[in-house]
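Report on one structure; see the data block that follows.
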Amino acid sequence: MTDLLHHSWEIAPPEAVRVQKTLETHLALQPLSDAPETIAGADISTKWRGRFGVGGMVVFSWPDMELIDESFHSGELRFPYVPGLLSFREGLLLEKAFLGLRAKPDLIIFDGQGTAHPRGFGIASHLGLRLGVPSIGCAKSRLFGDVAEPVGEEKGDWRYLYSPGGRKIGAVLRTRRGVKPVYVSPGHLIDIEDSVHWVLAATSRFRLPEVIRAAHRRVGEERARRKKA
DNA sequence: GCGACAG
DNA sequence: ATCTTGTCGC
Ligand SMILES: [Mg+2]
């Protein structure tokens, strides 16, 4: 299975869909084994129409939430943005950034979906499985799934996200009172409830978890800095 | 065929 | 995703 798990990133959309369907069967959705001592945020930065991008992971201690380590990797984004196939566009850069970390995180939160995905295999699931690290998807907008009733307005209010078939695939979580909620779903080695718990635990006064905010900010700075040198 | 559509 | 300062509202 390691051959399939470590498939090349150089594949086309049709095969990417097949890879997702096969790898999805290997996900382990279960309570997080232990409280994490470190949590990482992962994201990439790219230009409007440019192919150049920088991917990065930023590691924080928990519960102190102090910066422990960070790693970046830049390169060409060959795969186009196709809803449902985001991991094939961002995966290589994120994987290389992870490999460059000296302090491997106990949990990684990705800017995108986990199992709240048409084939149950969003970027958090793909990278979590591939890297063998517990992971969560925390997206700023919806890709797949619906809630039965609107989520409450208070911070911490949440509702399950259901697939059209009625399966629980994630959650819609209010991380700030009266502000648009985030879409949380397990990636790998964690379940829905613990995903909600840890996204909240990593969130302070803003809508997004600190690790995602930091990752987003740092990859943006790195892209600007590496553009020339 | 039509509508939806992470970043 | 990214372009960008000020501005409006709690
Ligand atoms: Mg992103």
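Just so we're on the same page: letters track the sequence lines, and every chain starts at 1.
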Nearest whole angstrom, please: distance from the C1' of C:dA1 to the CD of A:Glu76. 16 Å

When the distance from CZ of A:Arg142 to C1' of B:dG3 is rounded to whole Å, what number comes out? 11 Å

So if I apply the side chain to side chain contact (heavy atoms under 4.5 Å, CB included) rule between A:Glu95 and each of A:Met57, A:Arg130, A:His126, which one comes out positive? A:Arg130

Under 5.5 Å between ring centres and under 30° between planes: true for A:Tyr81 and the base of B:dG7? yes

Return the value, rounded to whole Å, for the distance between atom OH of A:Tyr183 and atom C1' of B:dA6. 11 Å

Exactly one of A:Arg223, A:Glu221, A:Arg217, A:Arg218 clears side chain to side chain donor-acceptor pair (under 3.5 Å) with A:Ser45, and that residue is A:Arg223

Report the nucleotide, chosen from C:dA1, B:dC5, B:dG7, that has the shortest atom-to-atom distance to any side-chain atom of A:Arg89. B:dG7

Could you check which of C:dA1, B:dG7, B:dC5 has an atom nearest any side-chain atom of A:Leu143? B:dC5

What nucleic acid atoms does A:Leu94 come within less than 4.0 Å of, heavy atoms only: base, sugar-phosphate, or nothing? nothing

Pair assignment for DNA chain C - dot-bracket with | for other-strand partners, Watson-Crick or G-U under 3.5 Å: ..........

If the threshold is 4.0 Å, N to carboxylate O, is there a salt bridge linking A:Arg177 and A:Glu153? no

Give the minimum heavy-atom separation between A:Lys96 and A:Ser71, together with the two atoms involved. O-OG, 4.5 Å

Whole-Å distance, A:Asp146 CG to B:dG3 C1', equals 14 Å

A:Glu24 bridged to A:Arg119 by N-O distance under 4.0 Å: no

Nearest-Å distance, CZ (A:Arg223) to P (B:dG7)? 17 Å

Let me have a per-nucleotide readout for nucleotides 4-10 of chain C, 5' to 3', with B, S or -, counting only protein heavy atoms under 4.0 Å. -------

In whole Å, I'd like the distance from the CD1 atom of A:Ile44 to the P atom of B:dG7. 12 Å

Atom CG of A:Asp111 to atom C1' of B:dG7: distance rounded to whole Å? 7 Å

Kindly point out which of C:dC3, B:dG7, B:dA6 is positioned nearest to the side chain of A:Gln113? B:dA6

If only atom types and distance count, is the side chain of A:Arg89 paired as donor or acceptor with the main-chain N or O of A:Phe79 below 3.5 Å? yes

Which is true for A:Gly220 with a 4.0 Å heavy-atom rule: it touches a base, it touches only sugar-phosphate, or it touches nothing? nothing

Considering only heavy atoms, which members of residues 148-177 of chain A lie under 4.0 Å from some atom of DNA chain B? none

Distance col, row A:Glu66:CD vs A:Phe60:CZ, nearest 0.5 angstrom, shows 10.0 Å

